Structure formats: C-alpha cells, structure tokens
S.K.: 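Quick one: the structure is below, and I'll ask about it shortly.
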Amino acid sequence: MNDEGAPVHLAVNARLPIEAAAGDEIVLVARASCAGGHDRSHLFVEITAPDGTIATHALAAHADGVSETARIALRAPPRVGEHRFQLSLAPHEIAGTRYREAVLDVPVKVRPQTTSLAVWDVPSPVVAGARFCVKAGAKSTADCALAGRVIEVCDANGSVAAQGTLGDAPLPGTSALYWTEIGLTAPTTTGVASWSVRFEGTELELPHDAAATSFSLAVVSAPAHRLTVKVVEQETAVPIADVELRLGPYRGATGPTGLAEIALPKGRYELRMWKVGYEAPPQPVEIADDAYLEIAALTVPEEDPDALWRM
Amino acid sequence: MGTGNRTDSKRASAEVSRRKFLTRGAAGVGAVAVAGTVAPEARAQGTIKWDYTADVVVIGAGVSGLPAAIAARDNGASVIVVDENFDIGGRGMLSGGRVQVGGGHALQQKFNIKDSADQIFNDWVRFDHEESRYSDRDLIRIFADENAALYDFLIENGVEFIEKPIRPPDASTVDRIFVTKEWHIPSQVYAPRRGRNGSGLVRRLEESARKKGVQIFLRHEMTSIVREKHNAGRVLGITTMNGSNPVNIAARKGVIIATGGHTGNVNFRRIFDPRLTEEYQQACSPYVHQGADGELAAMDIGASLWSTANQSNSEGAQITKTRHVGCRWGYSTLVYEPDSPMFAQARATGLTVRDWQDMIFVNQSGRRFWNEVDGSHDFFNAAMGWHGDKTKLNGGGPIWAIFDADAVTREKWKPEPPHVDSDGWFFSADTLPELAARIKNPYQREPMPGAVLQETVNRYNSFVAAGADADFKKPTPLHKIEKPPFYAAWTTPILHDTLTGIRTNTDSQVIDTRGEVILSLYCAGESQGGFAQHGLARCMVFGRIAGRHAARRQLADVSGGQ
C-alpha cells in the first residue's frame, strides 16, 4: 500500500464480522469519508471476494461528508468458516490533495444452512403389529433441491425402521419441501409409540446442518366390537351432524343423521364429544359386545357478550 | 408557557393519540404514556381566551356524550360537543348495538317480560357475581330507576330496536338486551355488513341532537379542563386543539366528560393491572382510541378514581380472545372489510376462528401455556403470566396461534391478504422450525426457538393420538398439527371494556379526592367509575343524567352552590 497522501476512511453499514449462512446474500453499503468531507461520488470501490473475484461499485451519493455506494449484494462463500471480503479505494486526488489507497477488510463468519423436517398423514390409532404409512419431507433454508436424499425413521430403540427417498418435486403449497412416503410397522405393544426422524444434510452443494424430529401414534388392540353413537340436541331431539367423538385413542364423527360407528375392543372407556355450540358431559362406556348409545347435547350460546345477533 | 406548549405536553404524554392513529396507521407501537397531561398554567383562568361559549360542553360524541347533549338541549341549554375523531360515535359506532335496557319498558311488556327498577337493582348488587359484587350501590339505584326512562328517551330520539329480547350473559336475571337497527347507509358505517348495529344507535342520536340544535365540533381534541384554580373553584370550560389550532370553549353551566375510557392508554390501564403492557391491543382500534384523556384531565384538577376493583374482576369483557387471528386488531365481532374506510389502517380482516380446536397457542418462546378452547379469565391469566423473559417481567408477551394446512381446510380459510397481515402479524413456512424463525413482530422480543416450537407441536400431537391433553387438559384434543405448510397468526388477547374511572355522585357530578363535588364537572360512560356492566346502557343512563343536571342548574348555582 502506498502510504503517501492523506487518509480516506472506508466503512460498511454492517456490524463486523458479518454472520451469514453459506451461500446467503449479504447486502451492504460501502462508505468513504475523509477529514475534508470531500465528495467522492465519481470514484469506485473495488471489492475482492474470498474466491478472488473482483467487482467495482460506484460511490453513487454524497451527504454529510460521506460518499456511499448503492446497496451491494454479495454472496456468502459456500464453505463454513471465517472468510473476508476486501474493499479498497484507489489513490486519488481531490482539490489538489493527494489521498492514499484505502482498504477495509470485511470478515464474514459463515455457518451452515439448516434443514428441517415435517411428518404428516400419520394414522392413529393403528393396530399393534399392523403396517402403516406416513409422509415425511425435508426443507433447506436455502431452498436447495433435496430430491434423491434420504430420510431415516428410527424406532424407540434408535434402530433404523425405514428409509424414504425424497421425490423430485416439492409438496404443492410449499416452497421447497421435498417429500416421500414411508412404510412402517406398529409395535406389538399397545400405547402411544414414537419414532424419531432424521435427515443428514451432507453432500449438498452448500453445507447444511442435519435435522431431526419425531412423531407418535396410538397403538391399539384389534377392535372386536362396534359402538354406534347417536347425538341429538337435548331439547329438540334433532340429530346433530359432524360431532367429533373420542374414546381415548378411538375416534369417530357423526354423519347427517347424527350417527357414528366406532370399532373398538372390549374395555372401559370415557366417551367425549366435541362440536362448537354444543356440550355434553363425558360418559363412561363399557364395551363387552356391539353397543348403541345416545348423547343428548345441550346447545350453548356464544360466550362473547357482543356476539353477533342473528335474526 | 403558551397554549402551543401545553398541547405539546399533552401530545408527549398521550400513548398514541387519536390523530396519530389516523395519520400514521400502526405508528406508536410500544409507546408508553406518562400520566399528567396539562401544565398547571393552563388552569389559570386569566390566561384563557375563550373562542366559543355554551351552557354545556360535552367532551366526546359517543354513546355517553350524545345522550348528554340531547338531554341538556331538551332542558334548555345551549350545547357544544367536541370529539377528537373525524366522525361521531366513538366505540358505539362499532358496537353490536346490544342495549341492556330494562325496568319494564314498553318493549319488554310486549314480550311479557317481568322486569322493574328493583329487579335491575337487585341484579346489579348481587354479591355472588363478579360483575356486580363491586358495584357502587348508590349509582346502581339511580341507574335502575332511570332504565325504563332511557328506553323512552331513545325511542323519542328516533332509535329503532329489533323486536327480539335477549338474556344478558352477566349478572342480569331477565331478558333485558334489545338490539338497535344498523344504520341504513353503508358508507356511514365503518364496518358495514358485519352486524355493527350500534351505528344505528349513534347515528340516530346524532341526527336528533343536530336537529335540536346541538353543535358538534369534530377533530377537536380536548387538551385540558379549565378550573378556576388548580384544585378549587368551578370548572370554566375546556381547551382543545383543532389540528394545530387551539380552540378554547367556555361552559356556563357544565363540562361533561364522555371520552370513552382508558383501555388504549398503557400507562393508565396499568394503574389497575400491571400485567396490561403494550402488547395488548385495544378493541375498536384504529377507529377509536380510548386514551384516558378525560380521566387524566379530570385528575389533573383533583378528580378521584372510583370503584377500581371492577376493572380487575374476573368475569367481565375487559379482555377477550382475539377471534380474527393474523391481524393486529382481531376483536371478537369486529371486522373491517376491504371496503371499510378503516381498512387501510387495519390492513387485514383476520381469519375468523370457528373452532379453537383447530390450533394451539404458544407464547413468544414457542411453548403452550393453557387449554386453547377456554375463554375464561383463567385463560387470560395464563396468557398474561410470566413466561421466562428476564427483560420483561410484566405482561405475557405475544401469543401466536399455530396451525397447519389441514386446519386451513377445516376452517375454510384463505391465508392470504386481505385476510391476513403478513407485515408482522401472520407468517407461514414449510416446516415448524422455519416458521418460528420467520416470526418478527414489534412485541416479539426474542426469536422463537424453532426446536422448542417443534417439540411443543410434537408433544401436542402425541396428546391428540392418546386422546388426552396431559399438560393443560384441553378437552378432547382433536387435530394434530402436522400437514405443511404451517402458520403462525397473532392472537394475543385484546382489551375491551373500561370498567372503572372517575368518581361521580348520582347526578354524575365529578367528586374530588377529598370527597367534594367539583362544581360544573360531570362524567358519564366508560370514563366513569361505579359498576362493571358491559356495553351501552350505563353510558346512556349517566349521560342523560349529566346533561339534564347540568342544564337545569341556575347560573347562580354555578357561581355558588352545587
């Protein structure tokens, strides 16, 4: 560097070191100033990227003694670690004063991109020992194409229970969730069973962290009986449709006639219902054979004192 | 200090003034009010040059102020009403128009409803109900006695009711709610087609008031109430600002505070409940701001608060769930559609929730905190609980509804503008960790940890599989949150009723901290302390009483007695 001449101060509008994920865009503004507050909007700042490529950017505006570029879009290196961009302003002369070269190192700490997972269409309950399928997808924060990558599903012991290869296209409605369907077998013991799911973000164009999540479902004995439930309004006896019914993990919903059929094994249960605008207390139910019962649900008004009043 | 400086002082102290709301939209987020609005010099009568004079000056053209003005005019007074807004009505304009008026009036008789003044009194002094337990029984007595007369007054002034009685969901024991008819000109209803029947109430009262000669000065923001001496003597009038112009209005007989309450003033509301920090929005914003203007101006000249326990009772509608999620102001029954003049500021209609089973609620840390289908004060207490933010000990921080694509299908939502406000109040992402990372909002002080949100949802999903919520006993947890994309929608509780305020006697005259009447000063409506009834009737009863009493005073009384 030529030390002859007056100094020029270079700065950027970002806290240093800049932290970014691999391959992310980094937007900054470069500023040049000197003790005399001279206008340098006719000069250019040179930026040398970590890979040695060089680009120049005009100092486009001058105000309050500082000349600055427009917003400059840089790209974080595709490698995790500490890197640096170098900004420089060549020696120049203004109003008879010679200014020496100005240089600013802009360190960048690059972290990996991250991945994350979703698991859906998980059936529940599932009969002990039965086969079932779930859908699983992986997403990169850089929206990388993950087609062909593998998602692993592990059982409660940590053993790999199944794998799925991500398909070619993202799930409709998502920006870049690549997904697959995975077949599994339910354990032979009943209860809520969980599986862990993981995705290794290796060998992608950009470095990625791995992702993990879990999902669970209820494992039940094979149903032997049929419970028929009819839900009616308490005062009018009018059947109520679309009432959700639950007996522990067993579920059903009433149809237009207020009827629901739920298959379940022998045992004692608590039957609960849910529909907005109605309520009924939980009912104890003992299933020893096919059975029928009726729920009389009370209509409840909206809670809000300003609730919309309908004619 | 000149008038301009006094106004600056007032502006600096107001949390988010009405004018700021109207001109800057969502500006002022997180601002905190400072109690005390008026420089002492403002009260010295010698410095005031009066621009207008009327017998009675009413501050606020809403549900209290309009009846006050009409009653004063009916009793021979000249009346000027000022309002800071660009139109009349206050919160009444956006109300459902459910007037809890009884006492055995003609419409009740038509439906064979047995009611009386004594029945109203008995209902509203019940010890076994949170909303009546803390009532000032002297005020309840006069309220009860004036109820049937209020109905007659409303009919005489053109208000029309739908002829169907409703049982109030509060301390009342008989059918006593009647709904006014919505104003017939949609462009004059700020949330048209959404059941804002209160527009018919305030528009009819406005119509009647103007016909009777009441002058209404809009865009006049009261900046102080002027008293003869700092804490003594009678009230002389008010100072206002009309834009940047000071306008001072003298009152020969009385000034009536009908400013609508304090709910929107963070500093003032925290007098009663320190949990009510800045993240809690105010119902009926951005049309109306309940800035405690009347309370602060009255307290500056010595007025007392009264019956403050009502504000923190655990039954009332002072706080409600945000029913329209994904927008800033999703108050229960109020929706600003895109053709509303307020939509540019409201920015979204929100997604109206049909069934709270379709989502979970998490705090800013990504953790559930209560059973989502509960709408009781237990829910609000949990929402306002401390969630571990060491830099914010009061208030519970933002609450987010988390749901998935299946919930969108069940609710028949379109999670896009104009239904949602994606600029800080609604987010979507392909996975839960990415959703958490996208949540950025003025009240979200720390990033939501993605791993925590994912674990919260996974745990909840296991409860759905098991059929029981082991953490918060949500009855029959129905739906997993699993199908991408995922959504986070603002659903922080929203504040509604002001249930305490300035102390008055049964003539609505303001009482000072020593128990003495402040001559020529009245208060009615949500700025008045006394009892915790939700809605319109108490505003109108005491507005009428104030207007009538002020107008009937002889000028000799004004300068001497009460």
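These figures come from a predicted structure and were not determined experimentally.
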S.K.: Answer with side chain, backbone, both or neither: which region of A:S140 has an atom nearer than 4.5 Å to a non-hydrogen atom of chain B?
M.R.: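 Only the backbone of A:S140 comes within 4.5 Å of chain B.
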S.K.: By number, which residues in residues 449-462 of chain B have some heavy atom less than 4.5 Å away from chain A?
M.R.: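 Within residues 449-462 of chain B, the residues that come under 4.5 Å of chain A (heavy atoms only) are B:Q454, B:N458, B:N461, B:S462.
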S.K.: Say whether, by atom type as modelled, one donor and one acceptor occur between the side chain of B:D430 and the main chain of A:T174 under 3.5 angstrom.
M.R.: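 Not a single qualifying donor-acceptor pair exists.
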S.K.: Evaluate the side-chain proximity of B:E482 to A:F215: yes if any heavy-atom separation is below 4.5 Å, no if none is.
M.R.: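 Side-chain contact under 4.5 Å: no.
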S.K.: Answer yes or no: are there more than 12 heavy-atom neighbours, outside B:R167 itself, under 6.0 Å from its atom CZ?
M.R.: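 Enclosed.
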S.K.: Please classify the contact of B:A468 with chain A as side chain, backbone, both or neither, using a heavy-atom distance under 4.5 Å.
M.R.: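 For B:A468, neither part sits under 4.5 Å from chain A.
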S.K.: So which residue, A:T114, A:V276, A:L247, A:L171, ends up with the most heavy-atom pairs under 4.5 Å with chain B?
M.R.: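 Maximum pair count with chain B is reached by A:V276.
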S.K.: Could you check if a side-chain atom of A:V192 sits within less than 4.5 angstrom of a side-chain atom of B:F463, using non-hydrogen atoms only?
M.R.: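 No - every pair of side-chain heavy atoms lies 4.5 Å or more apart.
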S.K.: So which residue, A:G248, A:A218, A:A212, ends up with the most heavy-atom pairs under 4.5 Å with chain B?
M.R.: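 Ranked by heavy-atom pairs under 4.5 Å with chain B, first place is A:G248.
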S.K.: I need the contact set between residues 402-411 of chain B and chain A: heavy-atom distance under 4.5 Å, sorted by residue number.
M.R.: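 Listed by number, there are no contacting residues, so the answer is none.
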S.K.: So, does A:R246 use its side chain to make a donor-acceptor pair with the main chain of B:L478 at under 3.5 Å?
M.R.: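 Present.
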S.K.: Hey, does B:P433 have a side-chain heavy atom less than 4.5 Å from the side chain of A:K139?
M.R.: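 Contact flag for A:K139/B:P433 side chains = no.
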S.K.: Could you tell me which of A:S124, A:S175, A:P282, A:A193 has the largest number of non-hydrogen atom pairs under 4.5 Å with chain B?
M.R.: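 Counting heavy-atom pairs under 4.5 Å, the top option is A:S175.
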S.K.: For A:R272 versus B:P475, what's the shortest heavy-atom pair and its separation?
M.R.: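 Between these two residues, the closest heavy atoms are NH1-CB, 4.4 Å.
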S.K.: Report yes if some heavy atom in the side chain of B:T476 is under 4.5 Å from a heavy atom in the side chain of A:E244; otherwise report no.
M.R.: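 In short, these two side chains do not touch, never coming nearer than 4.5 Å.
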S.K.: For A:S216 and B:K480, work out which heavy atoms get closest and say how close.
M.R.: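 So the minimum-distance heavy-atom pair works out to O-NZ, 3.0 Å.
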S.K.: Rounded to the nearest 0.5 Å, what separation is found between the OG1 atom of A:T115 and the CD atom of B:E434?
M.R.: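 These two atoms lie 9.5 Å from each other.
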S.K.: With a 4.5 Å cut-off on heavy-atom pairs, point out which of B:A465, B:G467, B:A429 contacts chain A the most.
M.R.: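 Counting heavy-atom pairs under 4.5 Å, the top option is B:A465.
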S.K.: With a 4.5 angstrom heavy-atom cut-off, which part of A:L117 approaches chain B: side chain, backbone, both or neither?
M.R.: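 For A:L117, backbone heavy atoms alone lie under 4.5 Å from chain B.
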S.K.: Does B:R354, at its CZ atom, have more than 12 non-hydrogen atoms belonging to other residues, nucleotides or ligands within less than 6.0 Å?
M.R.: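 More than 12 heavy atoms, drawn from other residues, nucleotides or ligands, come within 6.0 Å of this atom.
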S.K.: What distance do A:K135 atom NZ and B:K483 atom NZ have between them, rounded to the nearest 0.5 Å?
M.R.: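 Separation between the atoms: 7.0 Å.
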S.K.: For A:V220, which atoms come within 4.5 Å of any heavy atom of chain B: side chain, backbone, both, or neither?
M.R.: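 It is neither, since no heavy atom gets under 4.5 Å.
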S.K.: Atom CD of residue position A:E235 - does it have more than 12 heavy atoms of other residues, nucleotides or ligands inside 6.0 Å?
M.R.: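 Open: at most 12 neighbouring heavy atoms sit under 6.0 Å from CD of A:E235.
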